[in-house]
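Contents: one structure, followed by commentary.
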Amino acid sequence: MTLWTPSQNEFSGEMMFVRKSMTAAFAVFTLAWTGIAFAPELSAVESSSGLIAEGPGKDLRLWYDAPAPDSNAGWVDRSIPMGNGYMGANVFGGTASERIQITENSLYDSTEGRGLRHGGLNNFAEVFLDFGHNNVSNYERELNLSEGVSHVRYQQDGVEYSREYFTSYPDKVMAIRLSASKAGTLSFTLRPTIPFLGSGKSGSVVAKDDTITLSGVMSYFNVKYEGQFKVIPAGGTMKAANTKSQGTITVSDADSAVILLAVGTNYQFDPKVFLTTENADKLSSFPHPHAKVTRYLGDAAAKSYQQLLANHQADYTKLYGRVSLDLSAAEPTICTDELIDSYPDGESSRYLEELAFQFGRYLLICSSRAGTLPPHLQGIWNVYSDPPWASQYLHDTNLQMAYAPAFCANMPELFECYLGYFNAFVPRQRLHATQYIKEFNPSQLDPGGDNGWAGPFWTNPYNVPGRSIVAGFGTGSWIAQMFWDYYDYTRDPSLLADKVYPVMYDQANFVSRFVKDVDGILLANPSSSPEQKLRNTVGTTFDQQMFYENHHNTLTAAEILGRSDSRLSTLKTQLPLLDPIQIGKSGQIKEFRQEQYYGEIGDPAHRHTSMLLGLYPGQLINDTTPAWLDAAKVSLTKRTNKSNIGWSRAERIAMWARVHDGEEAYSFYEALLGGNYLHNLFNDHRGGPLFQADANYGATAGVAEMLLQSQDHVVAPLTAMPAAWSQGSYQGLLARGNFEVSAQWTGGHASQLEVLSKSGGDLDLRYPNVAQAMIKTAEGQAVDFVAKGSDQVRIKTTKGQTYVVTDIPVCIPVIAPTNLKINKESAIDEIQLSWTGTANAASYKLYRAVGNAPDYELIASDITVTDFVYKSADLEQVDQMTIKVTAVHADGRESNQGATVIRLLDRPRRQALQYDDTDSPCRLRESEINNTR
Ligand code: FUC
């Protein structure tokens, strides 16, 4: 091992070298993977055919010409976030005094009175570097996303000063390198401080030789914390000093210096933490973090700075470098704050769209690493003693959104982080499960306690407090869905057997005991749709969809693994009885079973769109269920654009993408970037500003869904592209089945698609006219495929092979008819329909979907006029049907979309809250009616 030796003063040359060498490094890194279970054998960089070039080599970076203001407002709006899973760091870039705020996710206290500002995560350290540089010029600070490194550069008194920062996951430290262009001109005082001392938090900061130790206790959970700072100067002198409360190290007249920083607490992933009821005892058997932090720092200091940087960049680029996105944007000449302020009409707005997409990936790499606590509402960044919602984990959307980009944006191993946390808390949730089955469905109780695990709602590193009526038990199945996605995107059978299937099966076990028979269907009771006002009702679409998906995925997994566990036959019997989708009289996917017309119950513009989770992130509503897809569109349209909530906008990017409406999807990306993104690209949840990281992660996932979808195992690139992105390319997005996909398009049309098969197996690839394209291997050999119509092909792939699709004939989309109307029902069995036709339609087709049917039946085709009298004997029996018209081009191609109308037998009946008078528990009670808005 190389001992760290101070290097000479190498300011500008060194900086230039690092930036250039990283571009080359993308091509040559072939580093051993150090993760635990997931072992991708082929990364995009190692294995892509290289036929689709990476973008034009532009740097994706955030940069500013002034430091962030030294205030909470400066922290939230302008500081640069960094992180390695072990710690988060917000760098302000000051010159008189630099401020680096450090977060460690287990430094926690009481969260009594859950809500906006009630304790919880606590600011770990405020670290200052006092330079006294008050007269600076040519200032610049930046975060380079391609490198995962941040810099500050400026001139003072004719000297160029620079600082370089990175947070390393492999070496568990933050490293700061300080340089000056002239020997002997670097002087500063390092001054770490402990914020919010008093009221349950004690500690001290002591300097000795080259190290400052900051340590103390937060009494509520008896969290012992420690941070160590090692200063390694080149040249000059160094002096440690202590006052009663403050240790400092002053470096004078040095050529350069490195500061290494490691932090830790006595927190461990252990079920004991969640099973111990006495808060102060939760960590009692775990060792003080001193030895651990000393080891982290000692190990890091035994390496050279260059070695640490290389380790960090190898680790970081292994993840980050898998995906590139180029929307043909030029590198802007304006700083990032101006870029934000000029969006969406600025010259460089496409660049911001690329930057924000990659920024979400960057934040997840910083905040979700195996062995550390997962990202909470604010990721791994918190400046407060009472952060918003105590920086909890909320499992009714926020936590799941954090992990959405892990899979589609090709960083699946980041989910290992959540696995560590989940395995620690799940024994507590098993106890909860038994308690809930006893309470809600005692006849189904397994007396031996084999009742699976029940979904939590909010949790934190110390507690999973059990049921909250704010969300139904569907939260558990939603968690299990992330586990399934982890497998489905990576296709590692041992991962499925060891880490995924047991979680899904045990969740399905709980659900199978919890659901109750109501008139032959199995419903959640009690049930809530997240955060809506009607609570403790029966069979919300949220719960039913989540339960359905997990039952379904569990059965699929059992089949893959050849399992014969005892509850599987029950799951099989139950699956068709879970009745996940109900279509309402407005043509919408109902949120509540009692709802007839859209918006009768709850807030019609609610930020949560929980009835559509089967559309996204689930797979229940997909292209093989076109009637449900149309109903989802009705719900999305009616949910309106009013919500200014960041994560809600991010979710709707993805949802609109899933119904293949690129313009609507893009409009939500625009609304988010223009309305919620702060100057450092942190998402402002809803004004304040109030930082919440979920929309940062969610926007990345949403954009990925615009570029590539793979629900129902059809790999579909570029399915929701807006006109604003008429030209571009991407590399390395991940599809279900472990296919790594790249695309290049121009004039809105794909000129080339590439699919790397990382696990082998059948590839069902969909793109307009793909069946008439040229499909070859990367080596140029023609590939056999089976066409399914003109837009889909099936290729039997070989693991490790890249398939290249070129010469795709341009497809002129058939414009869908609009304004389908029921003009008259002249007889009970006769409906007169009309619609507005389109210019390139040669004829029209009419369909109907009865009741809640997922698919349409053809009523009539080859209609060459724009009206039709539909006669059918069963029209007097069918209560409700959706009628749809599509356009057909002379060449036989049908429009992707169509116009729909709902036909109700008993019309007009638009009276709110009308229910039959049976004793069904689905009937709305008086008390509920008063509490629905
Ligand atoms: C859920 C959301 C809110 C917010 C909060 C932290 O309650 O509905 O919008 O994100 O979590």
Are the side chains of Leu283 and Tyr462 in contact, using a 4.5 Å heavy-atom criterion?
yes
Would you confirm whether the ring centroid of Phe483 sits within less than 6.0 angstrom of the ring centroid of Phe422?
yes
Donor-acceptor contact below 3.5 Å, side chain Thr475 vs main chain Ala471
no
Is there a side chain to side chain contact (heavy atoms under 4.5 Å, CB included) between Phe739 and Leu734? Walk through the geometry before answering.
CA-CA 6 Å; Phe739 295 109; Leu734 198 58; over 6 Å; no
Here's one to test your reading of the geometry: is the NZ or CZ of Arg369 within 45 degrees of the ring axis of Tyr169 and under 6.0 Å from its centre?
yes
With the side chain counted from C-beta on, respond yes when Asn84 and Met174 share a heavy-atom pair under 4.5 Å apart, and no when they do not.
no
Any sub-3.5 Å donor-acceptor pair from His551's side-chain atoms to Val511's backbone N or O?
no
Looking at Ser528 and Pro530, would you say the former's side chain and the latter's main chain have a donor-acceptor pair under 3.5 Å?
no
Tyr316/Phe166 aromatic ring centres below 6.0 Å:
no
With no hydrogens and no angle check, is any side-chain donor or acceptor of Asp450 less than 3.5 Å from a backbone partner on Asp446?
no
Do Asp565 and Tyr501 have side-chain N/O donor and acceptor atoms under 3.5 Å apart?
yes
Taking C-beta and beyond as the side chain, do Phe542 and Gln544 meet within less than 4.5 Å on heavy atoms?
no
Would you say the side-chain atoms of Gln392 pair up with the backbone N or O of Asn460, donor to acceptor, closer than 3.5 Å?
no
Determine, using ring centers only, whether Tyr489 and Tyr486 are less than 6.0 Å apart.
no
Any donor-acceptor N/O pair, Glu104 side chain to Ser106 backbone, under 3.5 Å:
yes
Centroid separation under 6.0 Å, is that true for the rings of Trp484 and His552?
no
Are the side chain of Thr276 and the backbone N or O of Glu278 linked by a donor-acceptor pair below 3.5 Å?
no
Decide, yes or no, whether a salt bridge links Asp299 with Lys172 under the criterion of side-chain N to carboxylate O below 4.0 Å.
no
From CG (Leu297) to NZ (Lys292), nearest 0.5 Å
14.0 Å
Apply salt bridge (charged side-chain N to carboxylate O under 4.0 Å, His left out) to the pair Lys499 and Glu416, showing each step before the final yes or no.
CA-CA 10 Å; Lys499 297 183 175 179; Glu416 284 289 330; 3.1 Å; yes
What do you reckon, are the aromatic ring centroids of His608 and Trp647 less than 6.0 Å apart?
yes
I want to check a possible cation-pi pair here: Lys272 against Phe286, using under 6.0 Å from ring centre and within 45° of the ring axis as the test.
yes
Determine whether a donor-acceptor pair (N or O, by modelled atom type, separation under 3.5 Å) exists between the side chain of Ser529 and the backbone of Thr540.
no
With heavy-atom distances below 4.5 Å as the criterion, would you say the side chains of Glu226 and Gln228 are in contact?
yes
Cation-pi check for Phe457 against Arg467: NZ or CZ below 6.0 Å from the six-membered ring centre and within 45 degrees of the axis, yes or no?
no
Starting at CD of Gln507, measure out to OG of Ser512 and round the result to the nearest 0.5 Å.
9.5 Å
Can Val470 and Arg535 be said to form a side chain to side chain contact (heavy atoms under 4.5 Å, CB included), step by step?
CA-CA 7 Å; Val470 171; Arg535 289 169 181 177; 3.9 Å; yes
Centroid-centroid under 6.0 Å between Phe473 and Phe510 rings:
yes
Quick one: sort the Tyr421 and Phe274 rings into parallel, tilted or perpendicular, breaks at 30° and 60°.
perpendicular
Going by the side-chain hydrogen bond (donor to acceptor under 3.5 Å, both in side chains) test, name the single residue among Asn122, Asn279, Asp109 that passes it with Tyr220.
Asn279
What about Tyr320 and Tyr362, are their ring centers closer than 6.0 Å?
no
